[in-house]
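Comments concern the structure below.
Remember, it's a predicted structure, so these values are computed and weren't measured experimentally. The basis for the numbers below is simple: all heavy atoms, side chains too, and nothing from hydrogens, waters or symmetry mates. Counting starts at 1 for both ligands and their atoms, following the listed order.
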Amino acid sequence: MTVRKKDEGVLLVVSGPSGAGKGTICNALRQLHPEIRYSISVTTRPQRVGEVDGVNYFFTTEENFRKMLAEDAFLEYAEVYTNLYGTPRKQVLDMVKDGQTVLLEIDIQGAMQVKKKFPSGIFIYVVPPSLQELSHRLYARDTDTQEVIQARLNKVTDELALAHKYDYIVVNDKLDEAVDKVRAIMVAERCKLSRNQEQINHIFDRYIIKEVL
Ligand code: 5GP
C-alpha cells in the first residue's frame, strides 16, 4: 500500500490590539470548527479567576520560561505588559505539517516573528471599529487595572502602524460578521491550489486517468 504524502495545513495567526476582540472571534471560530487545533501558549502572567492551567495557558515561572527559551522551545515569544508569552514551536509545526489547521492568537510582536520563520502562515489583523470603542471594551472587560488599560491604549497607535504587514484585515464591529470573515479566509486558504497538490495528484491518478483510458 502506498502511503500518500500529506499536504501542509494552514497556520492561521490572529492578532490585533488587545480589546479588538480577537479572543472572542477565535473562540467562536473554534466552536464552529472543532477540527481547528489551537496552540496553548506558555505564560508567566498570573492565572485569572476562571482560567484553567493547560486549557487557557500553561502558567509557569519566569525561570522556567527562560529555560524553555534557551532550549529554543518557542516558535515566537514576546513580553506583553511585563509578562512573558510564548508559542510552543514543535507542537505547532508538527500539526501544520500533518495537514491540520492551527490557530494562534498572539500579540503583534509575536505575529511578526512567526511571519519571518513561517512565511506561508496566514496573518489576520483584527481591529476595533474605533479607538473610543476599544477603550470602552477594555474598561467593560474589567480584567485589568487602570494602569494596564492605559498602557494598552497607549500602545495601540504603534500597533496599528503594523497593519500593512498582514494578509487580511478584519474590522470587528459586529461579532457575527467578523467571525464570518475569519471563517471565510480560513476556508479559502484551505482550498488554495498550493495546499492541495497531493490531493490533486490523488484525484488525477485515481479517477481522471483511469476513467479516460
Ligand atoms: P492576556 O494576558 O489578556 O491573556 O493576553 C495578553 C496578550 O498576549 C494578548 O494580546 C494575547 O493575544 C497575547 N498572547 C497570548 N499568548 C501569546 C503568545 O504565545 N505569544 C504572544 N506573542 N502573544 C500572546
Side-chain angles (χ1 to χ4, degrees), residues 11-30 36-62 64-69 71-93 95-96 102-118 121-128 131 134-135 137-163 165-166 169-170 172 178 182:
L11 180 64
L12 275 185
V13 182
V14 177
S15 61
S18 65
K22 56 189 186 296
T24 316
I25 294 174
C26 288
N27 288 342
L29 187 69
R30 287 169 66 201
I36 293 176
R37 308 301 298 269
Y38 183 70
S39 162
I40 302 168
S41 299
V42 180
T43 185
T44 62
R45 145 157 105 53
Q47 199 166 343
R48 291 180 189 142
V49 177
E51 286 184 329
V52 179
D53 189 26
V55 175
N56 304 90
Y57 284 104
F58 292 111
F59 295 96
T60 192
T61 58
E62 181 164 346
N64 191 47
F65 192 99
R66 300 240 175 246
K67 189 167 158 264
M68 290 176 76
L69 196 56
E71 288 163 356
D72 197 24
F74 296 120
L75 176 61
E76 61 75 35
Y77 83 99
E79 188 163 344
V80 187
Y81 317 111
T82 74
N83 298 308
L84 294 162
Y85 295 82
T87 302
R89 186 170 55 88
K90 184 170 185 320
Q91 183 200 355
V92 167
L93 296 183
M95 289 189 293
V96 177
V102 182
L103 180 62
L104 302 187
E105 185 220 317
I106 59 177
D107 91 313
I108 293 160
Q109 313 165 56
M112 293 301 105
Q113 293 171 46
V114 178
K115 194 171 172 174
K116 279 201 189 120
K117 291 189 192 160
F118 201 87
I122 303 306
F123 297 84
I124 305 175
Y125 197 69
V126 178
V127 287
L131 281 183
L134 182 69
S135 167
R137 285 182 194 171
L138 287 176
Y139 279 104
R141 201 156 74 168
D142 202 24
T143 50
D144 296 298
T145 61
Q146 183 152 1
E147 289 88 63
V148 171
I149 293 178
Q150 207 45 56
R152 290 185 181 208
L153 287 171
N154 291 342
K155 231 175 120 188
V156 168
T157 323
D158 293 345
E159 291 183 337
L160 289 176
L162 288 172
K165 306 242 181 205
Y166 284 75
I169 299 289
V170 171
N172 183 16
V182 176

(request) Without swapping roles, check the side chain of Lys22 against the backbone of Gly16 for a donor-acceptor pair under 3.5 Å. (result) yes

(message) The criterion is side-chain contact (heavy atoms from CB on, under 4.5 Å); which residues satisfy it with Arg152, sequence neighbours excluded?
(response)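 For Arg152 the side-chain contact (heavy atoms from CB on, under 4.5 Å) partners, ignoring immediate neighbours, are Ser18, Arg48, Tyr81, Leu138, Arg141, Asp144, Val148.
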
(request) Look at Arg30 together with Glu105 and state whether they make a salt bridge at an N to O cut-off of under 4.0 Å. (result) no

(message) Test of understanding: with side chain to side chain donor-acceptor pair (under 3.5 Å), list the residues that count as partners of Asp53, not counting sequence neighbours.
(response)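 Asp53: no side chain to side chain donor-acceptor pair (under 3.5 Å) contacts found.
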
(message) Run the side chain to side chain donor-acceptor pair (under 3.5 Å) test against Tyr166 and tell me which residues pass, sequence neighbours left out.
(response) Ser15

(request) Would you mind reporting whether Tyr77 and Met68 have side-chain heavy atoms less than 4.5 Å apart? (result)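 No, their side chains stay 4.5 Å or more apart.
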
(message) Please output the residues near ligand 1 using a strict heavy-atom distance under 4.0 Å, listed in chain and residue-number order.
(response) Lys22, Ser41, Arg45, Arg48, Tyr57, Glu76, Ala78, Val80, Tyr85, Gly86, Thr87, Glu105, Ile106, Asp107, Gly110, Arg152

